[in-house]
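Quick note on labels: first sequence line is chain A, next is B, and so on, each numbered from 1.
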Amino acid sequence: MFQQDLIGWFEAEQRDLPWRKDKDPYKVWVSEIMLQQTRVDTVIPYFLRFIEQFPTIQALSTAEEDRVLKAWEGLGYYSRARNLQSAVKEVHENYGGIVPDDPKEISTLKGVGPYTAGAILSIAYGIPEPAVDGNVMRVLSRILLIWDDIAKASSRKIFEEAVRRLISHENPSYFNQALMELGALICTPTSPSCLLCPVREHCQAFQEGSQNELPIKTKNKKHRHVQIAAAVLRNDEGKILIHKRPEKGLLANLWEFPNIEVALPFVNEKDQLKEAVKDLYKADIQIGGMIGQIEHVFSHLTWNINAYEGKIQSIEMESKELKLVTIEEMKEFTFSVSHQKMMKQYFEGDE
DNA sequence: TATACGTGGTG
DNA sequence: TCACCAAGTAT
């Protein structure tokens with residue numbers, strides 16, 4: 001029987017992962033958010049530090065957002081962290097600190113979409129709800145010979161219906177986790193290990209030899225490139241000017257060095273940056289030499305940063321989004337990896 | 001429905 | 001080198 005073969009394999013072969021130590025709905029929740037579009041090996045150290053720092057719903061709901069972002073620094077998709085804290089506060093205040101076990105209720109929480117709702121409900125509460133991620137679509141497309149394009153949003157419900165038909169009501173937690181684990185370890189995107197697969201006898205793609213043609217997934221478009229000019233600016237005390245990014249959009253609420261998107265060609269960018277800093281931050285600055293050129297690739301765009309050093313002649317510090325900090329203080333603020341690269345270039349050239 | 005949203009690993 | 005990816009969600 002398919003369910004038995006799948007779950008039996010999972011019981012024998014599952015990886016020893018820190019979020020599998022218990023079924024605390026809060027910890028399951030944190031792990032599922034971190035694992036969105038993110039590799040297991042990357043998540044492990046973040047999960048351990050995060051749970052150590054914020055062990056309970058109570059702890060996370062009362063934490064400073066800046067500390068939460070700092071704990072997330074380097075993990076990417078930072079709105080996950082802010083949505084998680086917002087949703088945890090909601091549970092703390094309106095659900096008595098108990099993660100709801102109802103599909104409709106849990107789905108109203110920020111950052112909890114159809115996959116995460118199903119994952120928490122099945123893993124923490126043993127409720128037979130589908131948890132369809134990329135692994136599950138890949139595995140089931142092969143087992144059931146489903147040729148729909150998994151890149152299309154409309155395909156997910158096809159797989160959810162399949163899971164509703166197949167899911168073990170005896171152990172929905174292991175059933176869902178086993179599908180994902182199988183996708184991660186055996187039924188991989190390229191060159192799946194069908195000869196090691198515990199359910200190959202149930203797999204229609206294996207029977208007809210089409211496992212390498214599935215799943216169907218259309219390609220994404222190539223992304224755009226953006227030219228950035230940025231500067232590490234110090235005043236006569238040696239303090240460095242940093243700026244908090246807007247609360248929406250790319251790298252929301254993270255800190256950065258003053259920078260602009262270069263509209264006009266290369267030659268003027270130092271002047272453009274100087275003028276922008278004057279307008280935006282009411283600062284008179286002098287931009288000096290280049291400290292580095294950084295390419296930073298996001299999922300949907302690439303930044304090509306020309307980074308300069310510079311001096312602050314005068315500045316009106318009014319805005320909360322602006323700070324002059326020492327190098328030591330700077331470590332307390334959350335920066336994107338692109339700006340960490342700048343920092344590194346600057347300090348390597350500073351010796 | 002399509003696009004914005006990060007990062008580091010990989011064949 | 002580089003496209004593709006890895007336990008998706010919000011808008």
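- Within 6.0 Å of the CZ atom in A/R224, the count of heavy atoms belonging to other residues, nucleotides or ligands does not exceed 12.
- Using atom P as the reference point in both C/dT9 and B/dG8, the two lie 22 Å apart (nearest Å).
- At least one side-chain heavy atom of A/I33 sits less than 4.5 Å from a side-chain heavy atom of A/W72.
- Between the CD atom of A/Q37 and the P atom of C/dA6 there is a distance of 10 Å, rounded to whole Å.
- The listed nucleotides are B/dG6, C/dA6, B/dT1; the one nearest the side chain of A/R138 is C/dA6.
- In A/E170, the CD atom is not crowded: 12 or fewer heavy atoms of neighbouring residues, nucleotides or ligands sit closer than 6.0 Å.
- Regarding A/I305, its CD1 atom lies at a distance of 14 Å from the P atom of B/dG6, rounded to whole Å.
- A salt bridge links A/K70 to A/E73: one of the charged nitrogens lies within less than 4.0 Å of a carboxylate oxygen.
- Rounded to an integer number of Å, the gap from A/E295 CD to B/dG6 C1' is 15 Å.
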Problem - Steps toward side chain to side chain donor-acceptor pair (under 3.5 Å) verdict (A/T302, A/H223) - result: CA-CA 7 Å; A/T302 297; A/H223 64 223; 2.8 Å; yes
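- Taking atom CD of A/Q340 as the reference point, atom P of B/dT7 lies 8 Å away to the nearest angstrom.
- Contacts between residues 110-129 of chain A and DNA chain C, defined by a heavy-atom separation under 4.0 Å, are made by A/K110, A/G111, A/V112, A/G113, A/P114, A/Y115, A/T116.
- Sequence neighbours left out, the pairs with a member in residues 244-255 of chain A that pass salt bridge (Lys or Arg N to Asp or Glu O under 4.0 Å) are A/D66-A/K244, A/R245-A/E256.
- Across the interface with DNA chain B, nearest-nucleotide mapping of A/K341 and A/K248 shows A/K248 to be the residue nearer the 5′ end.
- In terms of modelled atom types and a separation under 3.5 Å, the side chain of A/K27 and the main chain of A/R20 share no donor-acceptor contact.
- Atom CG of A/D41 is separated from atom P of C/dC5 by 19 Å (rounded to the nearest Å).
- Between A/H296 and the phosphate of B/dG6, there is no side-chain N or O to OP1/OP2 separation shorter than 4.0 Å.
- The pair A/D284-A/K274 fails the salt-bridge criterion, with no side-chain N (NZ, NE, NH1 or NH2) lying under 4.0 Å from an Asp/Glu carboxylate O.
- Using cut-offs of 30° and 60° on the angle between ring planes, the pair A/W255 and A/F333 is perpendicular.
- At a cut-off of 3.5 angstrom, the base of B/dG8 holds no donor-acceptor pair with the side chain of A/T42.
- When rounded to the nearest whole Å, the span between CD of A/E247 and P of B/dC5 equals 15 Å.
- Only at 4.0 angstrom or more do the heavy atoms of residues 165-189 of chain A sit from any atom of DNA chain B, so none qualifies.
- Of the residues near DNA chain B, A/L251 and A/T190, the one whose nearest nucleotide (by heavy atom distance) lies more toward the 5' end is A/L251.
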Handout entry: side chain to side chain donor-acceptor pair (under 3.5 Å) between A/S61 and A/Q85, worked out
Key = CA-CA 6 Å; A/S61 59; A/Q85 190 187 23; over 6 Å; no
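- The nearest whole Å value for the distance from the CE atom in A/M137 to the C1' atom in C/dC5 is 13 Å.
- Between the P atoms of B/dC5 and C/dA6, the separation comes to 23 Å (whole Å).
- For A/E348 and A/K344, the salt-bridge test passes: some basic side-chain N is under 4.0 Å from an acidic carboxylate O.
- Between A/E181 and A/R15, at least one side-chain nitrogen of the basic residue sits less than 4.0 Å from a carboxylate oxygen of the acidic one, meeting the salt-bridge criterion.
- Using a 4.0 Å cutoff on non-hydrogen atoms, the parts of residues 71-87 of chain A near DNA chain B are A/G74, A/L75, A/G76, A/Y77, A/Y78, ordered by number.
- You'll find that the side chain of A/Q36 is closest to C/dG8, out of C/dC5, C/dG8, B/dT7.
- Side chain A/T38 to base B/dG6: a donor-acceptor pair is found below 3.5 Å.
- Remark: the backbone N or O of A/A153 is not paired with any side-chain donor or acceptor of A/S155 at under 3.5 angstrom.
- In the hydrophobic clustering, A/M1 connects to no other residue, as no ILVMFWY side-chain heavy atoms lie under 4.5 Å from its own.
- Residue A/V136 is classed as having no contact, given no heavy-atom separation below 4.0 Å to the nucleic acid.
- Ring-plane geometry between A/H339 and A/W303 is classed as perpendicular, the angle between the planes exceeding 60 degrees on a 0 to 90 degree scale with a lower cut at 30.
- Contacts with DNA chain C (heavy atom under 4.0 Å) in residues 7-34 of chain A: A/R15, A/L17, A/W19, A/R20, A/E32, listed by number.
- Checked against B/dG6, B/dG9, B/dT1, the side chain of A/A153 finds its nearest nucleotide in B/dT1.
- Between A/D133 atom CG and C/dT9 atom P the separation is 9 Å, expressed in whole Å.
- One finds no side-chain N or O of A/H300 lying less than 4.0 angstrom from the OP1 or OP2 phosphate oxygen of B/dA4.
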